[in-house]
Protein chains: 2
Amino acid sequence: MAKTPTRDAVEILHRRVYEGKPARLKNLEEARANEEIARGIHELRTAAALTQTQLARLIGTTASVICRLEDADYEGHSLAMLRRIAGALNQRVEIRFVPNRRSA
Amino acid sequence: MAKTPTRDAVEILHRRVYEGKPARLKNLEEARANEEIARGIHELRTAAALTQTQLARLIGTTASVICRLEDADYEGHSLAMLRRIAGALNQRVEIRFVPNRRSA
DNA sequence: TTGCTCTTTCGCAATGTTGCGAATAAACTG
DNA sequence: CAGTTTATTCGCAACATTGCGAAAGAGCAA
């Protein structure tokens with residue numbers, strides 16, 4: 001037996017992920033995730049009874065930026081921004097890797 | 001009562017967050033968070049019995065990038081990258097805002 | 001020691017995210 | 001209705017992250 005039969009397996013897995021899953025699924029999941037984040041920000045802000053402009057000031061930016069973040073179609077969410085918002089509202093961003101349903 | 005006594009409150013909160021907290025605390029928390037992410041990626045990869053090069057191939061990048069991500073001192077973690085890694089390893093990235101201990 | 005695999009570090013171009021003003025829309029108040 | 005506040009959209013410069021190769025450092029086995 002060779003020392004690394006793993007190499008081929010990696011390629012196979014790769015094909016599974018990027019071909020097996022129609023890649024549209026991946027996009028749908030991402031879209032949903034982005035939607036959730038947008039909603040989360042909106043809820044956090046309204047729960048704190050702040051306008052977009054007020055929240056923007058808190059984190060040192062402008063209302064148009066907040067608006068963009070709360071747009072469900074926005075795909076550019078970043079950890080940095082989420083943390084800024086969370087920090088200003090006495091929250092923190094918790095990040096976990098969780099196994100996918102229907103794993104293998 | 002005025003309609004928006006909130007404006008001043010916002011400024012006050014701002015000062016609390018950015019001055020009250022010595023700002024060093026914020027950095028410490030961030031550093032710890034980054035460390036956790038780096039460790040998480042490392043664990044995920046080793047648990048899958050992959051080398052950095054193999055994981056890199058899975059997500060379409062190079063080993064040096066993975067190495068950078070697993071460095072505890074790296075401050076540039078992004079949602080996009082976390083998702084790519086999670087996706088390749090049959091996981092997903094769960095993001096939540098959670099209230100800070102010692103809230104007000 | 002050599003040879004092999006894996007990891008780490010560096011630098012810079014390419015890509016992606018944010019900053020921000022201005023203009024418009026939408027919602028609410030009186 | 002006009003007037004006020006809030007939310008949304010657009011464009012582009014500034015900044016941050018990623019891509020990627022090359023070179024060197026560890027670690028392990030023969």
Side-chain angles (χ1 to χ4, degrees), chain A residues 1-10 14 18 27 30-31 33-35 37-39 41-88 93 95, chain B residues 1-10 27 30-31 33-35 37-39 41-88 93 95:
Chain A
M1 288 193 225
K3 229 183 265 167
T4 54
T6 322
R7 185 137 267 155
D8 290 334
V10 167
H14 181 261
Y18 281 100
N27 290 343
E30 266 195 24
N34 286 330
E35 223 176 290
I37 293 178
R39 199 170 48 239
I41 294 174
H42 180 80
E43 281 176 14
L44 218 54
R45 175 176 67 82
T46 52
L50 296 175
T51 68
Q52 290 180 338
T53 302
Q54 287 172 334
L55 175 56
R57 281 192 171 188
L58 271 182
I59 67 171
T61 185
T62 59
S64 59
V65 171
I66 303 297
C67 180
R68 185 161 53 191
L69 297 177
E70 292 184 1
D71 178 355
D73 291 340
Y74 183 59
E75 297 181 348
H77 292 291
S78 79
L79 229 45
M81 188 57 94
L82 294 185
R83 282 178 180 159
R84 284 166 66 187
I85 294 177
V93 180
I95 293 166
Chain B
M1 292 191 220
K3 229 183 266 166
T4 53
T6 321
R7 185 137 267 156
D8 290 333
V10 166
N27 291 342
E30 267 194 24
N34 287 331
E35 224 176 289
I37 293 178
R39 199 171 48 239
I41 294 175
H42 180 81
E43 280 176 15
L44 218 55
R45 175 176 67 81
T46 53
L50 297 175
T51 68
Q52 290 180 339
T53 303
Q54 287 171 335
L55 175 56
R57 282 194 172 186
L58 272 182
I59 68 172
T61 185
T62 59
S64 60
V65 171
I66 304 297
C67 180
R68 187 161 50 193
L69 298 177
E70 292 184 1
D71 179 355
D73 291 339
Y74 183 60
E75 297 182 347
H77 292 291
S78 78
L79 228 47
M81 187 57 93
L82 294 185
R83 281 178 180 160
R84 284 165 66 188
I85 293 177
V93 179
I95 293 165

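Order of the sequence lines sets the chain letters (A, B, ...), proteins ahead of strands, with each chain counted from 1.
Between D:dG19, D:dT8, D:dT17, one nucleotide has an atom nearer to the side chain of A:C67 than all others, and that is D:dT8. When each of C:dC6, D:dG19, D:dT17 is scored by its nearest atom to the side-chain atoms of B:T51, the top-ranked nucleotide is C:dC6. Among C:dG19, C:dT9, D:dT8, the nucleotide with an atom closest to any side-chain atom of A:V65 is C:dG19. The listed nucleotides are C:dG11, C:dT7, C:dC20; the one nearest the side chain of A:T62 is C:dC20.
In this structure, the side chain of B:E70 does not engage the main chain of B:C67 through any donor-acceptor pair within 3.5 Å. Here the side chain of A:T51 pairs a donor or acceptor atom with the backbone of A:Q54 at under 3.5 angstrom.
The distance from atom CD of A:E75 to atom P of C:dT17 is 9 Å, rounded to the nearest whole Å. Distance A:N34 CG to C:dG16 C1': 14 Å, rounded to the nearest Å. In this structure, CD1 of A:I59 is placed 13 Å from C1' of C:dT17, rounded to the nearest angstrom. The separation between A:E30 atom CD and C:dG16 atom C1' is 14 Å, rounded to whole Å. In this structure, CG of B:L55 is placed 14 Å from C1' of C:dC6, rounded to the nearest angstrom. With rounding to whole Å, B:M81 atom CE is found 10 Å from D:dC20 atom P. One atom, CD of B:Q52, and another, C1' of D:dG19, lie 16 Å apart when rounded to the nearest Å. Rounded to whole Å, the distance from CD on A:E70 to C1' on D:dA7 is 9 Å.
The structure places NE2 of B:H77 at 11.0 Å from CZ of B:R68, a figure rounded to the nearest 0.5 Å. Of the inter-residue distances, the one linking A:I59 atom CD1 with A:L69 atom CG reads 7.0 Å to the nearest 0.5 angstrom. Atom CD of residue A:E30 and atom CZ of residue B:R84 lie 10.5 Å apart, to the nearest 0.5 angstrom.
Considering only side-chain N and O atoms, B:R57 lies nowhere under 4.0 angstrom from the phosphate OP1 or OP2 of D:dC20. Note on A:T61: a side-chain N or O is less than 4.0 Å away from OP1 or OP2 of C:dG19. In terms of phosphate contacts, A:R84 brings a side-chain nitrogen or oxygen within less than 4.0 Å of OP1 or OP2 of C:dG19. Taking 4.0 angstrom as the limit, B:Y74 places a side-chain polar atom (N or O) nearer than this to OP1 or OP2 of D:dT18.
Closest-nucleotide positions on DNA chain C for B:D71 and B:A80 were compared, and the one nearer the 5' end corresponds to B:D71.
Side-chain atoms of B:S64 and base atoms of D:dG19 include no donor and acceptor less than 3.5 Å apart.
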